[in-house]
Asks: 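The structure is given below, and queries will be raised subsequently.
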Amino acid sequence: MRRPSSSPPPARGPALAAAAAVVLLPAIFPALFTPLGRAFPSLFSEWNAPKPMHESLLNEALRWKIPDEQKRDLWTPLPYQGWKPCLKKSATHDLPFGYIQVFLDGGLNQQRMGICDAVAVAKILNATLVIPHLEVNPVWKDSSSFEDIFNVDHFINTLRREVSIVKYVPKEFSWSTREFYGTGIRATRIKTAPLHASATWYMENVSPILQSYGIAAIAPFSHRLAFDDLPADIQRLRCKVNFEALVFLPYIISLGRTLENRLRSPVQGHSTELAQQVVEKNTNQGGKFAVLHLRFDKDMAAHSACDFGGGRAEKLALAKYRQVIWQGRVLNSQLTDEELRNTGRCPLTPEEIGLILVALGFDNSTRLYLASHKVYGGEARISSLRRLFPLMEDKRSLASEDELAKVEGKASVLAALDYYISMHSDVFISASPGNMHNALLAHRAYKNLKTIRPNMALLGHVFVNKSMEWSGFQEAVQAGHKGRYGQIRLRKPTQSIYTYPAPDCMCQG
């Protein structure tokens with residue numbers, strides 16, 4: 001049968017082109033469809049926006065009116081606790097012998113601890129420390145150097161009476177580079193430093209290499225110095241490096257101060273209708289602000305093996321990511337979600353930390369600064385947190401394009417900016433323990449600043465109970481966080497001096 005002349009033949013071109021695109025796109029751009037690396041997560045495997053996991057609590061929290069007395073107590077600074085910084089000078093160094101190099105991996109705060117340890121090891125060996133080399137960050141592909149983040153001259157001058165430090169190796173050792181050690185086995189590289197090595201180990205294993213060659217490179221170096229059985233002056237020196245010698249570059253401090261001033265200023269017109277309503281109805285807590293470190297990136301989510309409400313697509317994507325990155329070496333994946341939560345092993349989601357903050361006394365007029373490089377799930381994941389705190393800001397919302405131009409794309413510099421603002425906030429809260437949480441817990445304890453330490457074991461039990469109403473939730477959260485607002489806790493044996501600075505680096509009186 002003939003087709004009527006008025007009906008054109010079907011348009012096969014566009015359909016064929018669309019079909020070809022569906023077939024070819026995964027082959028041409030595989031990173032869009034499969035999470036084969038940390039830097040390029042899948043675009044389509046987790047595209048469904050997660051629904052609230054605790055919708056009943058969220059709705060009640062949005063209606064909750066926090067008593068004025070509770071808000072006052074929350075923002076009141078910590079009283080003096082009887083401890084103060086106590087960094088007596090260690091012995092002046094003798095004429096140093098040989099040069100020590102270290103190569104530090106990890107993020108900014110892990111590298112910070114490594115820098116402190118490197119100074120201590122140089123002191124133990126009476127060697128000259130070369131400014132530590134910061135490895136390219138494997139997660140964020142950041143190549144920022146020590147000189148891009150910290151004030152090198154201040155670092156050297158602050159420590160000059162106790163440790164000899166130079167910016168570069170002298171010409172006769174110019175061959176001793178990171179690339180040199182990456183191309184073969186070298187007699188001057190120490191690869192066998194055990195975790196938490198003693199001072200004796202360094203004297204017995206590194207000192208002979210210094211005597212033979214005049215230089216020694218230690219890599220890997222993260223967590224390679226013990227926390228116990230070290231001379232008191234070495235312990236104090238580590239704290240002096242951490243709290244006094246490591247100062248960010250002037251332009252980072254300048255931008256940090258600018259953003260801090262904006263957070264303390266009266267709230268101007270805000271971009272969202274909800275935020276504008278809050279501005280009109282409430283006043284800020286006298287120019288005060290809190291910082292929330294939201295440690296919820298894809299690495300954290302995948303390694304925890306917990307369920308975050310993203311459905312089957314999210315579970316499959318995170319399972320595949322675990323398999324590719326860690327080849328199945330994630331013990332948590334053998335446990336159920338309930339088992340993980342009951343033992344406090346699940347990082348808090350943005351929704352969950354938001355509920356906790358409301359239960360503790362923060363309300364929708366709180367100026368909340370979000371310190372985070374990248375949130376897994378993006379804006380969709382933090383939508384519940386933003387509903388609870390419509391005045392929430394981050395560096396990108398506070399800073400202008402010109403101000404961000406110097407730091408954009410530099411993950412370590414952005415982390416330094418977050419660190420500076422966190423140190424100058426009235427309250428600091430971290431959603432989950434980690435290197436930044438530990439670093440700021442210690443630094444703020446050293447300065448006697450309020451820091452809320454989440455009770456992960458309690459919160460895991462609380463969030464597993466899906467029938468809990470708001471009143472019971474609020475009581476449980478408040479009771480479980482008494483004494484967790486920055487009160488001094490003395491370091492126990494084997495615990496990190498970078499988390500608990502007392503009593504090694506603080507004195508009573």
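Note: hydrogens, waters and symmetry copies are ignored here, and every other heavy atom, side chains too, is used. If you read the sequence from its start, that first residue is 1, and numbering goes on from there.
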Asks: Can you list everything that forms a disulfide bond (SG atoms under 2.5 Å apart) with Cys116? Sequence neighbours excluded, please.
Replies: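 Counting only residues at least two positions away or on another chain, Cys116 forms no disulfide bond (SG atoms under 2.5 Å apart).
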Asks: Compute whether any side-chain donor of one residue and acceptor of the other, for Asp148 and Ser145, lie under 3.5 angstrom apart.
Replies: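 Ser145 and Asp148 do have a side-chain donor-acceptor pair below 3.5 Å.
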Asks: Give me each pair satisfying ring-ring contact (aromatic ring centres under 6.0 Å, His included) with a member in residues 113-137, each pair once, sequence neighbours excluded.
Replies: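 Applying ring-ring contact (aromatic ring centres under 6.0 Å, His included) to every pair that reaches into residues 113-137, excluding sequence neighbours, yields Phe103-His133.
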Asks: Among residues at least two apart in sequence or on other chains, which ones pass ring-ring contact (aromatic ring centres under 6.0 Å, His included) with His481?
Replies: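 Partners of His481 by the ring-ring contact (aromatic ring centres under 6.0 Å, His included) criterion come out as none, since no residue qualifies.
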Asks: Can you name the residues that form a salt bridge (Lys or Arg N to Asp or Glu O under 4.0 Å) with Arg238, not counting sequence neighbours?
Replies: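 Partners of Arg238 under the salt bridge (Lys or Arg N to Asp or Glu O under 4.0 Å) test: Asp117.
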Asks: Tell me every residue that passes side-chain contact (heavy atoms from CB on, under 4.5 Å) with Val247, counting only those two or more places apart in sequence or in another chain.
Replies: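 Expected list: His154, Ile253.
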Asks: Report yes or no: do Ser400 and Asp402 form a side-chain donor-acceptor pair below 3.5 Å?
Replies: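 Not at all, the side chains of Ser400 and Asp402 share no donor-acceptor pair under 3.5 Å.
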Asks: If the condition is salt bridge (Lys or Arg N to Asp or Glu O under 4.0 Å), which residues does Arg186 pass it with, not counting sequence neighbours?
Replies: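 Partners of Arg186 under the salt bridge (Lys or Arg N to Asp or Glu O under 4.0 Å) test: none.
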Asks: Are a donor atom and an acceptor atom from the side chains of Tyr369 and Asp418 found within less than 3.5 Å of each other?
Replies: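 Indeed, the side chains of Tyr369 and Asp418 share at least one donor-acceptor pair under 3.5 Å.
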Asks: Is there any salt bridge (charged side-chain N to carboxylate O under 4.0 Å, His left out) pair reaching into residues 438-452, and which pairs are they, with sequence neighbours excluded?
Replies: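 Salt bridge (charged side-chain N to carboxylate O under 4.0 Å, His left out) check on residues 438-452 returns no pairs.
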Asks: Of all residues at least two apart in sequence or in a different chain, which pass the side-chain contact (heavy atoms from CB on, under 4.5 Å) check with Asp426?
Replies: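 So Asp426 forms a side-chain contact (heavy atoms from CB on, under 4.5 Å) with Trp75, Arg264, Lys288, Phe289.
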Asks: Please tell me whether Phe308 and Tyr376 form a close aromatic pair, meaning their ring centres lie under 6.0 Å apart.
Replies: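 Ring-ring flag for Phe308/Tyr376: false, centres at least 6.0 Å apart.
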Asks: Testing the 3.5 Å rule here: is there a donor-acceptor pair between the side chains of Gln110 and Ser222?
Replies: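 Yes, Ser222 and Gln110 have a side-chain donor paired with an acceptor closer than 3.5 Å.
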Asks: Does His437 have any side-chain contact (heavy atoms from CB on, under 4.5 Å) partners at least two apart in sequence or in another chain, and if so, which?
Replies: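 Testing His437 for side-chain contact (heavy atoms from CB on, under 4.5 Å), a comparison that skips the adjacent residues, returns Ser430, Pro433, Leu441, Arg453, Pro454.
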Asks: Can you pull out every disulfide (SG to SG under 2.5 Å) where at least one residue sits in residues 215-248? Sequence neighbours excluded, please.
Replies: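 Those involving residues 215-248 are Cys239-Cys505.
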Asks: Check side-chain contact (heavy atoms from CB on, under 4.5 Å) between Asp504 and all other residues, then give those that pass, not counting sequence neighbours.
Replies: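 Asp504 satisfies side-chain contact (heavy atoms from CB on, under 4.5 Å) with Gln235, Arg491, Ile497 only.
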Asks: Which residue pairs pass the salt bridge (charged side-chain N to carboxylate O under 4.0 Å, His left out) test when at least one of the two sits in residues 95-105, sequence neighbours left out?
Replies: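 Every candidate salt bridge (charged side-chain N to carboxylate O under 4.0 Å, His left out) pair involving residues 95-105 fails, so no pair, neighbours aside, qualifies.
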